[in-house]
Engineer: 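I am attaching a structure below and will ask some questions about it afterwards.
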Amino acid sequence: MIGERVHRIEDPVLLRGIGRFAADITHAGELHMRVVRSPIAHGRIHSVQTNDALALEGVVAVWSYDDVAECSAIPFRLTAREELLPYRQPVLARGVVRYVGEPVAVVFADSAYRAEDAADTVGLDIESLPAHIDAELDPVPWLDSEHATWAAASDRVLPPQDSQATTFTIEYGDVDGAFESAAGDPRYRVFDTTGQIGRHTGVPLECRGLVAWYDPSAQRLIVDGAAKVPFWNRDAVAAVTGLPPSSIILREGHVGGGFGPRGELYPEDLLVAIGAMRLGAPIKWIEDRQEHLVAANHSRGQRHSMRALVRVDDGWIEALDNSFILDQGAYVRTHGATVASLTASMLPGPYVIPHFRSRAHVRLTHKTPAGTYRSPGRYEGTFARERLVDTVADGLGIDRADIRRRNFIPAQQMPYQRPIQAMGTDLVHDSGDYALLLDKAGDRFGFDRIRESVLARRTDGETVGFGLAFFVEKSGIGPTEGARVSVDASGKVTLSCGASSVGQGVDTVLAQVVADTLDISPDQVRVVRGQTDQFAFGRGAFATRLAVMAGSAAKIAADNLVEKAKRVAAQRFKTSTEELQVSRGYVRIAQNPDVAMSLAEVAARLEPVEALPLKEEPGLSADGWFHTDHMTYPYGVHAALVRLEPGTGAVQIERYFVAYDVGRALNPALVEGQIAGGVAQGIGGALYEEFVYTSEGTPLCTSFMDYLIPTIHEVPDIEILLTEDCPSPLNPLGVKGAGEAGTTAVAAALASAVEDALQRPGSITSVPLRPAVLQRQISASRQTGPVSEP
């Protein structure tokens with residue numbers, strides 16, 4: 001079953017329209033929560049008037065900060081640097097609001113309509129203060145000492161904090177020494193570039209939503225609508241409510257997309273849980289699209305300044321010095337400094353670069369707080385780095401593909417270790433042959449023929465271009481994941497695990513792994529995941545980790561179950577386990593396969609009374625745990641053929657290519673689907689999507705009328721080449737992740753292609769690519785020097 005294009009086992013329920021999303025869950029007597037959000041970007045709260053709202057029919061409660069003052073700030077889940085503690089977000093605004101959309105109060109009423117009407121009557125007396133919008137400006141005062149002390153939950157009084165929440169450097173080699181030793185040496189040349197990536201985010205089909213109810217008789221809090229990291233969120237809710245984690249059950253249903261923002265711990269998650277316990281009624285909160293665009297995590301928003309020391313004769317990049325600013329928005333949310341850390345550590349990509357340094361500046365502004373979005377840090381870093389590589393190639397007159405080959409980490413040096421860390425693990429490229437993949441992509445897609453056609457079309461007056469970008473991803477972060485495979489007396493196979501699904505087809509992949517071991521059909525395997533009362537532990541669905549971690553755990557559990565089944569069958573057949581094999585769901589004597597015992601029969605023999613003389617634990621079930629200290633590093637190349645419309649500057653993507661080495665594709669169809677969807681999102685950030693603010697901090701993109709996401713009209717068919725030349729040696733399946741491969745290099749590849757169309761090296765340094773700017777550049781294409789952006 002592994003490697004087969006199995007249809008998703010999740011889809012029949014969805015196609016029949018009987019999926020169970022958060023909004024589908026209802027309880028008798030439920031109350032609906034509505035959030036009252038700040039209408040201004042920065043201001044001091046003088047009062048929150050709730051009397052009018054409380055007087056309305058059906059309104060049960062209205063809370064402001066004083067009603068939840070005992071709640072600590074929302075904790076970090078990843079990259080919890082101590083200096084970031086003061087910048088965590090309170091559950092409701094405490095004295096000051098810092099972005100449009102910040103929760104200031106919540107209303108609970110007996111219908112969603114009454115809750116929304118009541119929220120409109122809550123009076124907010126907020127004194128407007130100046131808004132800090134531009135992260136590139138010098139840091140400004142941000143927190144007074146009182147707020148900093150509260151947010152840090154520390155006995156010591158912290159000094160006043162400014163808007164640069166943290167800065168750090170990731171480096172190896174001797175960057176300064178390399179530049180100094182090459183000064184004045186004609187064999188070397190220094191290239192300076194910049195790269196800017198606009199602020200955008202994931203916009204899943206389904207907005208966030210939660211339904212919570214408290215059962216006082218069992219002292220259990222049950223929360224439906226969990227996603228991504230239910231086990232971690234359970235523990236965070238437990239810390240706020242005072243309940244033990246074992247008394248809190250978070251349950252995933254169907255999820256209409258994740259992409260990073262969904263499933264993180266937000267103020268609304270805690271408010272729903274607290275409301276269910278205090279008010280003695282089920283609480284339901286369903287986010288609308290406007291709320292999502294101003295309240296859920298934004299992402300990207302980086303500006304890079306890069307300096308490279310390059311050998312003139314062959315384009316070898318000897319040293320790279322990078323500094324970047326990340327616009328974090330108003331608070332540091334659960335990811336801490338993860339995005340900045342990944343940007344810096346993954347910036348070298350597939351290239352050797354003997355001397356490297358990247359300085360991160362995480363700065364706050366009065367905008368929606370930022371977090372992760374599909375390929376966090378790598379989308380941004382790949383854009384900046386690949387723009388630099390193109391600049392070097394053009395400046396030295398070297399073919400853009402050739403200069404990459406000359407700088408690739410050689411295949412014979414794999415595994416290749418950089419003396420830095422990524423996400424707390426040593427950065428070791430586990431396997432790879434980058435030059436081979438680039439050659440295969442060129443042959444499969446006909447890059448040489450495309451370049452020839454581009455030249456011919458230009459002679460006919462078309463503004464066309466071809467560009468490419470290479471990237472390295474990270475996947476499969478540990479440290480551990482577990483799974484349990486069980487077979488009951490009817491032969492039904494169940495896989496239980498701590499994995500989570502955000503629509504990526506994880507149930508199908510895990511079922512394939514188990515089915516492959518038991519030699520049965522995947523649709524015979526029931527997958528139970530994302531339910532904190534069904535499996536004890538789980539790290540969740542993030543960082544492209546589940547195929548590696550949960551897949552390997554499922555493989556180990558299935559292997560262990562097979563060994564247990566063989567031991568039972570061996571006693572019945574009076575033979576050794578070495579003489580047995582499992583095929584088509586039966587344990588058989590290898591040399592006489594007609595002598596067989598079904599897994600259902602084995603399970604029946606393991607009922608408690610019968611298991612005792614067999615000296616086996618009751619039940620045909622087995623656990624599997626997979627542990628790792630390192631991530632896997634898949635890699636790929638994106639390429640694009642584009643045509644620019646001279647009259648408007650619009651970019652038409654005529655063809656788009658992705659070649660990707662996934663180590664081992666558990667289900668190639670799902671990998672290709674992940675890549676195609678990822679490309680669509682990458683196109684959004686490269687050409688259309690950007691959160692724009694006024695100088696007062698008012699967001700101008702609060703609906704799809706203003707925040708433009710690409711449709712099927714703008715996204716071409718994605719031509720995909722999957723290779724399995726370099727399986728990972730770090731897990732039993734040889735697999736690497738695929739969830740972010742389609743997104744990582746889109747902006748870099750499209751920028752390369754558009755710049756090639758303009759025939760103006762160095763002219764494209766930022767995304768999204770604005771038509772008005774491109775139109776001016778097309779008009780000035782026969783002039784020298786880039787056209788400045790507004």
Side-chain angles (χ1 to χ4, degrees), residues 1-10 481-499 505-529 534-535 546-573 575-607 611 614 616-626 664-667 670 731-735:
M1 288 295 103
I2 291 178
E4 295 297 317
R5 294 176 176 270
V6 175
H7 289 176
R8 287 173 25 126
I9 63 175
E10 297 95 333
E481 200 71 36
R484 178 179 300 115
V485 178
S486 305
V487 181
D488 65 21
S490 71
K492 183 66 177 180
V493 181
T494 300
L495 169 68
S496 303
C497 62
V506 66
D507 290 7
T508 302
V509 167
L510 295 180
Q512 282 183 257
V513 171
V514 173
D516 186 78
T517 302
L518 303 184
D519 195 24
I520 59 177
S521 172
D523 58 16
Q524 294 178 252
V525 181
R526 174 175 173 256
V527 179
V528 178
R529 46 97 193 111
Q534 298 297 308
F535 198 78
L546 287 183
V548 174
M549 297 302 301
S552 295
K555 168 64 174 171
I556 294 168
D559 285 343
N560 291 341
L561 182 136
V562 165
E563 291 306 310
K564 186 173 184 177
K566 285 182 177 179
R567 291 196 302 269
V568 174
Q571 294 189 55
R572 176 178 174 182
F573 298 143
T575 186
S576 68
T577 58
E578 289 76 14
E579 297 180 62
L580 301 176
Q581 66 180 16
V582 171
S583 66
R584 298 192 300 277
Y586 283 77
V587 184
R588 305 175 187 273
I589 296 178
Q591 300 302 318
N592 188 9
D594 290 337
V595 178
M597 184 179 186
S598 71
L599 292 176
E601 291 178 279
V602 175
R605 287 178 65 87
L606 286 171
E607 292 295 321
L614 296 175
E616 294 283 353
E617 290 292 322
L620 181 53
S621 67
D623 288 358
W625 289 91
F626 180 65
R664 190 182 186 191
L666 301 180
N667 186 321
L670 293 187
N731 63 75
L733 296 171
V735 68

Engineer: Which residues pass the ring pair (Phe, Tyr, Trp, His ring centres under 6.0 Å) test with F573, sequence neighbours left out?
Structural biologist: none
Engineer: Heavy atoms only: give me the nearest N667-Q512 pair and the separation to one decimal.
Structural biologist: ND2-OE1, 2.7 Å
Engineer: Quick one: pull up CD in E607 and CG in D488 and give me the separation to the nearest 0.5 Å.
Structural biologist: 9.5 Å
Engineer: Starting from the C-alpha separation in whole Å, work towards a yes-or-no answer on side-chain contact (heavy atoms from CB on, under 4.5 Å) for L518 and Q524.
Structural biologist: CA-CA 10 Å; L518 303 184; Q524 294 178 252; over 6 Å; no
Engineer: Could you list the residues that satisfy salt bridge (charged side-chain N to carboxylate O under 4.0 Å, His left out) with R584, not counting sequence neighbours?
Structural biologist: none
Engineer: Mind running side-chain contact (heavy atoms from CB on, under 4.5 Å) on L510 and V514 for me, showing each step along the way?
Structural biologist: CA-CA 6 Å; L510 295 180; V514 173; 5.8 Å; no
Engineer: Can you see which heavy atom on S583 is nearest to which on D519, and at what distance?
Structural biologist: CA-OD2, 3.3 Å
Engineer: Is there a side-chain contact between V485 and T494 in this structure, where contact means two heavy atoms from C-beta onward sitting under 4.5 Å apart?
Structural biologist: no
Engineer: D516 side chain to M1 main-chain N or O, any donor-acceptor pair under 3.5 Å?
Structural biologist: yes
Engineer: Mind listing the closest non-hydrogen atom pair of L606 and E616 along with its distance?
Structural biologist: CD2-CB, 3.7 Å
Engineer: Got a second to check how far R572's CZ is from E601's CD, nearest 0.5 Å?
Structural biologist: 5.0 Å
Engineer: Taking only residues two or more places apart in sequence or in another chain, which ones pass side chain to side chain contact (heavy atoms under 4.5 Å, CB included) with E10?
Structural biologist: R8, D507, T508
Engineer: Is there a side-chain contact (heavy atoms from CB on, under 4.5 Å) between F626 and M549 once you walk through the steps?
Structural biologist: CA-CA 6 Å; F626 180 65; M549 297 302 301; 3.7 Å; yes
Engineer: Residues two or more places apart in sequence or in another chain: which of them pass salt bridge (charged side-chain N to carboxylate O under 4.0 Å, His left out) with D623?
Structural biologist: R484
Engineer: What's the shortest heavy-atom distance between A600 and A489, and which atoms?
Structural biologist: CB-O, 3.5 Å
Engineer: Under the side-chain contact (heavy atoms from CB on, under 4.5 Å) rule, what do V513 and L733 come out as? Steps first, then yes or no, please.
Structural biologist: CA-CA 9 Å; V513 171; L733 296 171; 4.2 Å; yes
Engineer: Using distance alone, with no hydrogens and no angle criterion, decide if E579 and S576 have a side-chain donor and acceptor under 3.5 Å apart.
Structural biologist: yes
Engineer: Check whether K492 reaches the backbone of R526 with its side chain - one donor and one acceptor, N or O, closer than 3.5 Å.
Structural biologist: no
Engineer: Taking only residues two or more places apart in sequence or in another chain, which ones pass side chain to side chain contact (heavy atoms under 4.5 Å, CB included) with A547?
Structural biologist: L666, V735
Engineer: List the atom of L495, the atom of A483, and the distance in Å for their closest heavy-atom pair.
Structural biologist: CD1-CB, 3.8 Å
Engineer: For a quick test of reading the model, state the closest non-hydrogen atom pair linking L620 to L561 and the distance between them.
Structural biologist: O-CD1, 3.6 Å
Engineer: Hey, does the side chain of N731 reach the backbone of S552 with a donor-acceptor pair shorter than 3.5 angstrom?
Structural biologist: no
Engineer: Hey, could you give me the NZ/CD distance between K566 and E578, rounded to the nearest 0.5 Å?
Structural biologist: 8.0 Å
Engineer: The criterion is side chain to side chain contact (heavy atoms under 4.5 Å, CB included); which residues satisfy it with T517, sequence neighbours excluded?
Structural biologist: K555, A558, D559, V562
Engineer: Hey, are the side chains of Y586 and P593 touching, using non-hydrogen atoms and a 4.5 Å cut-off?
Structural biologist: no
